[in-house]
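Throughout, protein chains are lettered first and strands after them, A, B, ... in sequence-line order, and every chain is numbered starting at 1. None of the values given here were measured: they were computed from a predicted structure.
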Amino acid sequence: MTTVDSNTTAPEPVVDPNAVSVTINGKVVAARKGEMIIAAADRTDDFIPRFCYHPRMEPVGMCRQCLVEVVGPRGPMMVVSCMTPVAEGQVVNTETEGVKKAQEGVLELLLANHPLDCPVCDKGGECPLQDQAFSHGPGESRFVEEKRHYEKPIAISENVYLDRERCILCDRCTRFADEVAGDALISFTSRGNNTQVMTFPDEPFSSYFSGNTVQTCPVGALTAKPYRFKARPWDIEHVESTCTTCSVGCRTVVQSSRDELVRYQGVDSQPVNWGWLCDKGRFNFESINSKDRLTTPLIKDASGNLSATSWSVAIDSAARMLRTALTVSPQSVAFIGGARGTNEDAFAWAQLANALGVDSRDSQLADGLPPQVFSLPQATIADIDTAKTIILLAPDLKEELPVLYLRVRHAAEKRTGRVVEVSPRVTGLAGKAWKKVHVEPGKTAAALRALATDAAFTAQLASGSVVVIVGRMNLAESEESVVHALAEVLHMAPQATVLPALRRGNVRGAIHAGLTPRNGGKSTSEILEAAAAGKIECLVLLGADPLSDVPDADLARRGISGARNIIAIDTFITQSSALADIVLPAAAYGEKVGTTTNVEGRISNVAQSITPVGTSRPDWMIAVELGTATSHDLGFASYNEVRTAMILGVSEFAPATDTHAVEHDGVIVAHPTPITLTRADAASIERNSYDYRAVVSRKLYDNAIGTAKSPSLSTLAPSAAVIVHPLDVPRIGAQVGESVRVTSQRATLVLPLQESVDVLRGTAWLPINLSGSDARELLDVTKDVIDLKIEKIS
Amino acid sequence: MSRLNEANIKTALEIIARYPRPKSALIPLLHLAQEQNGYVTNEAMVHLGELVGVTSAEVYGTATFYEMFRFEPVGKYLVNICGTMSCALMGAGDLMHHAEQKLGVKAGGTTTDGMFTLAHAECQAACTEAPTLQVNYRFRYKVTNGDFDTLIDDLKSGKLVDEIPAHGVVARVRQRIPADRGVGAVAPELATENPAWMDGKAAL
Ligand code: SF4
Ligand code: SF4
Ligand code: FES
Ligand code: FES
């Protein structure tokens with residue numbers, strides 16, 4: 001403890017008890033207790049070679065490449081710098097003769113059995129082994145014997161190939177799989193002379209995160225099928241961007257060669273993704289290169305088929321359609337979608353809607369949350385690291401927001417915070433949860449209210465900061481039920497901040513930009529209902545496909561067929577755009593510049609890497625052209641002008657003036673004055689005479705267009721099924737695998753029966769948008785919960 | 001099908017209960033699986049993973065470190081003939097040749113009746129008694145061709161059934177530690193006092 005001398009008035013300087021000062025190659029370096037020498041050295045110009053060390057994983061000291069000298073009482077001694085913590089006054093030398101000899105020796109040994117097939121290796125040119133053999137290697141080998149041989153390469157999953165001859169056994173892939181992803185499906189086997197990375201026989205490394213092992217492998221031992229032999233690193237153009245596949249918004253490098261996307265790599269952004277990507281985000285660049293992309297505008301011809309036309313004809317016809325509809329009434333025009341584009345795209349379309357007087361616009365497809373959640377005190381992704389309690393009131397993060405799952409998992413694994421899972425089924429994080437509140441749909445708010453008497457729980461909430469991750473954990477349960485449950489949590493933990501886990505890439509940006517109902521305009525389900533009743537003259541689909549995406553399939557079908565005219569702006573012909581009167585081809589991710597807003601409201605840039613396919617163009621440009629054709633000057637005509645108008649016009653986007661930040665870690669939107677939620681009556685909804693309550697959610701890989709058009713991902717989607725608890729199987733009387741009849745008040749479907757202990761008794765889990773009968777048919781968005789009958793087909 | 005049977009599940013749970021962390025029990029459990037089937041089957045590894053809470057790949061990674069675990073069916077009797085220096089000098093080469101003739105299989109092979117697997121071994125640490133062999137890890141010293149024939153004939157006729165159990169059986173008598181004599185399976189981070197064995201009271 002420091003004592004204050006009463007004679008001095010100046011405050012005592014704050015001494016950081018964890019500060020340590022070390023000398024590396026004669027330079028004094030400030031470090032922190034517990035930090036490894038290699039990490040401290042990384043803040044100097046002196047590079048210590050390494051293979052196994054990775055700043056986002058626990059050190060293991062596998063490769064011994066990072067040997068350095070630490071001066072001790074008996075002279076210098078050799079230590080591995082990735083496993084040796086700094087200490088006060090430590091003197092480290094990384095460039096002495098002894099160190100050089102040791103590092104050269106290690107490299108010579110690592111290369112002894114290495115095939116040196118660099119000319120045909122995907123990693124050649126960007127390979128740490130190649131580079132460090134050059135910078136820190138001996139230059140020649142004394143090993144003249146026959147090298148070790150293995151069959152090469154072998155597929156360890158659908159997308160990852162392993163070449164064991166190239167592997168240097170650094171443990172990065174296996175550590176990643178176990179430590180970071182929690183999918184320890186690869187391990188070192190046959191340890192000894194033949195140590196090798198391997199899966200269990202016939203059990204592939206099917207992790208949603210497998211691509212990260214390819215990126216972090218320091219040699220060419222792991223390669224990814226979508227990139228194998230596609231390009232050489234020196235032919236690749238790189239731009240830093242943000243993944244918009246889901247709303248986590250992972251930072252990426254988009255890489256192209258000869259005007260074609262070839263690879264995405266993760267960028268280590270401290271506030272967002274720590275360098276990780278999920279495989280869906282990593283490999284779906286294939287869909288952008290797809291031969292099925294729309295390249296020209298299409299218009300319905302006399303025989304009712306869509307056929308190619310010019311932009312001028314398409315825009316004129318679309319403008320006429322809009323004008324005709326507006327003369328009927330502005331309420332007969334509606335926009336659905338916009339969450340798949342950039343902030344600027346959404347802003348331009350919102351401005352067009354304003355100019356036309358269209359109030360019915362919604363970027364959420366009846367599967368989201370009310371925009372008010374953005375007005376609650378907001379949490380950032382990084383707040384998860386410091387939160388004492390993380391409450392999951394959200395869909396299975398592993399399935400919907402995969403890299404956010406990694407962040408929460410990390411907090412639980414490192415015990416920085418306790419996870420409370422509130423869910424109608426066991427999710428990917430349940431194993432890490434401190435408390436699990438598994439409750440059947442319709443009873444969540446009541447179950448949470450009952451927790452107020454649980455002393456351990458309330459003490460935990462009171463122990464510090466609380467982050468609530470909130471989203472639609474069950475699409476067969478109303479949006480209000482989530483809000484009610486959230487209100488209960490915020491009542492118990494008034495200090496809690498909220499992270500709205502909405503799924504679509506830029507849904508938050510689209511809402512802030514104005515693609516959300518205003519002045520009493522209609523939401524997506526109301527628009528579709530109105531369309532079904534013949535009250536929508538012109539429906540504009542902004543990259544949205546209600547027929548495959550709106551949870552209530554019947555409503556979507558009635559709405560799409562009831563709309564008099566449909567204008568679709570899309571990258572592909574989807575179920576819905578196939579029925580449009582005019583289809584305008586949009587530029588896709590990687591083909592346009594802009595900004596995007598992730599779950600936490602972080603605005604970061606998306607970059608252009610290739611030219612838009614065919615005559616496709618960015619959504620914002622289409623809005624401007626439609627504006628001109630309908631005699632509305634939106635006030636901007638170039639990307640920079642849209643961006644400026646957006647920053648000036650939307651208060652949330654004001655921080656985006658910091659272009660440098662937007663192009664790196666991003667900036668957080670300006671938050672409005674927070675509101676408070678009032679608690680509603682938290683009565684449970686009892687089941688009707690049907691036996692099973694439906695839990696409906698999405699899987700990471702489904703029939704969504706970006707996955708379906710990516711050959712490396714499309715085969716990973718499971719097929720549809722109804723999944724119940726094993727103890728409920730005998731009740732149904734059918735065998736697992738057998739087709740059963742599933743009936744709701746809306747429809748009857750035939751689906752194969754499956755069992756899982758992750759499903760609560762008396763509930764049935766139905767993942768949607770997979771091949772086979774789609775459970776969306778059973779849903780009715782006007783209902784609070786959906787009850788089902790499941791019967792054996794006799 | 002070759003997951004652990006009912007009786008062995010009971011034994012497995014007893015073994016697991018001896019350790020503060022379930023996965024620490026993996027090696028004895030692998031022996032148990034090998035005892036049941038004569039080798040460690042994939043199904044058994046999946047089952048063990050479920051029992052101790054690790055993935056099958058982790059069970060496999062652990063198991064494949066150990067030479068004594070076999071992942072392919074082996075004969076009821078695994079005959080390991082040492083071929084390292086002392087034994088080689090004392091005629092292990094000839095012995096192996098003779099064994100191959102006698103059993104009608106090459107080193108590494110298994111007889112068609114599933115009785116014998118013949119294998120090379122590295123030094124078995126009995127060099128003074130070279131050449132040596134082991135049958136299911138039970139030693140035979142200074143083995144002549146004649147000794148070998150007798151051994152095989154005796155094994156076939158069941159004469160040695162008391163001495164040499166089938167492959168996979170490590171010991172005939174299973175160690176049973178009553179709970180009150182156990183060391184107390186408390187995870188280190190949860191321990192509030194010294195473990196019992198530190199005071200020299202409990203059985204190890
Ligand atoms: S495959 Fe690559 S990452 Fe995995 S251990 Fe080998 S060298 Fe390391
Ligand atoms: S988690 Fe989301 S943002 Fe990140 S890589 Fe996956 S799809 Fe892209
Ligand atoms: S980097 Fe230190 S041992 Fe591998
Ligand atoms: S050499 Fe055969 S036992 Fe040692």
Side-chain angles (χ1 to χ4, degrees), chain A residues 60 62 150 154-157 160 162 164 167 169 171-210 213 222 409 413-415 426 428 430-434 726 755-758, chain B residues 1-4 9 20-27 29-30 33-34 37 39-74 80 83-84 108 119-125 187-191:
Chain A
V60 280
M62 279 297 274
Y150 285 114
I154 54 171
I156 55 171
S157 75
V160 179
L162 166 68
R164 288 165 292 176
C167 172
L169 305 176
D171 199 18
R172 277 189 179 185
C173 57
T174 36
R175 245 183 311 159
F176 173 83
D178 178 19
E179 228 178 88
V180 181
D183 297 326
L185 300 171
I186 45 175
S187 174
F188 283 137
T189 63
S190 310
R191 296 171 199 218
N193 247 350
N194 296 311
T195 309
Q196 53 193 285
V197 174
M198 196 45 65
T199 63
F200 189 68
D202 304 323
E203 205 181 288
F205 177 40
S206 46
S207 165
Y208 287 165
F209 305 98
S210 67
T213 63
L222 293 173
R409 189 181 177 280
E413 183 80 11
K414 299 287 177 225
R415 300 176 196 221
V426 180
K432 295 277 160 229
W434 168 74
E755 61 175 18
S756 165
V757 287
D758 293 346
Chain B
M1 162 218 356
S2 27
R3 292 163 66 94
L4 294 191
I9 291 176
R21 292 188 214 292
K23 70 175 178 183
S24 309
L26 204 47
I27 302 295
L29 295 189
L30 282 160
Q34 178 148 284
N37 299 108
Y39 71 105
V40 183
T41 66
N42 286 353
E43 292 83 354
M45 283 189 277
V46 172
H47 195 179
L48 298 189
E50 291 164 11
L51 286 172
V52 305
V54 302
T55 64
S56 323
E58 288 172 308
V59 177
Y60 187 59
T62 307
T64 51
F65 175 76
Y66 299 93
E67 294 286 333
M68 278 171 74
F69 294 127
R70 310 287 293 218
F71 304 96
E72 301 287 334
V74 290
N80 286 318
T84 311
H120 270 297
E122 298 299 329
C123 178
Q124 313 194 115
E189 68 274 11
L190 302 177

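Residue A:D178 touches chain B through its side chain alone, counting heavy-atom pairs closer than 4.5 Å. Interface residue A:T199: only backbone heavy atoms are found under 4.5 Å from chain B.
Here the OG-OH distance, from A:S190 to B:Y66, works out to 13.5 Å after rounding to the nearest 0.5 Å. Between the CG atom in A:D202 and the CG atom in B:N42 there is a gap of 7.0 Å [rounded to 0.5 Å].
B:T64 places no side-chain N or O within 3.5 Å of a backbone atom of A:T189 that could act as its donor or acceptor partner.
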Full working for side-chain contact (heavy atoms from CB on, under 4.5 Å) between B:V59 and A:F200: CA-CA 8 Å; B:V59 177; A:F200 189 68; 5.7 Å; no

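When all heavy atoms of A:S187 and B:G61 are compared, the pair lying nearest together is OG-CA, 3.6 Å.
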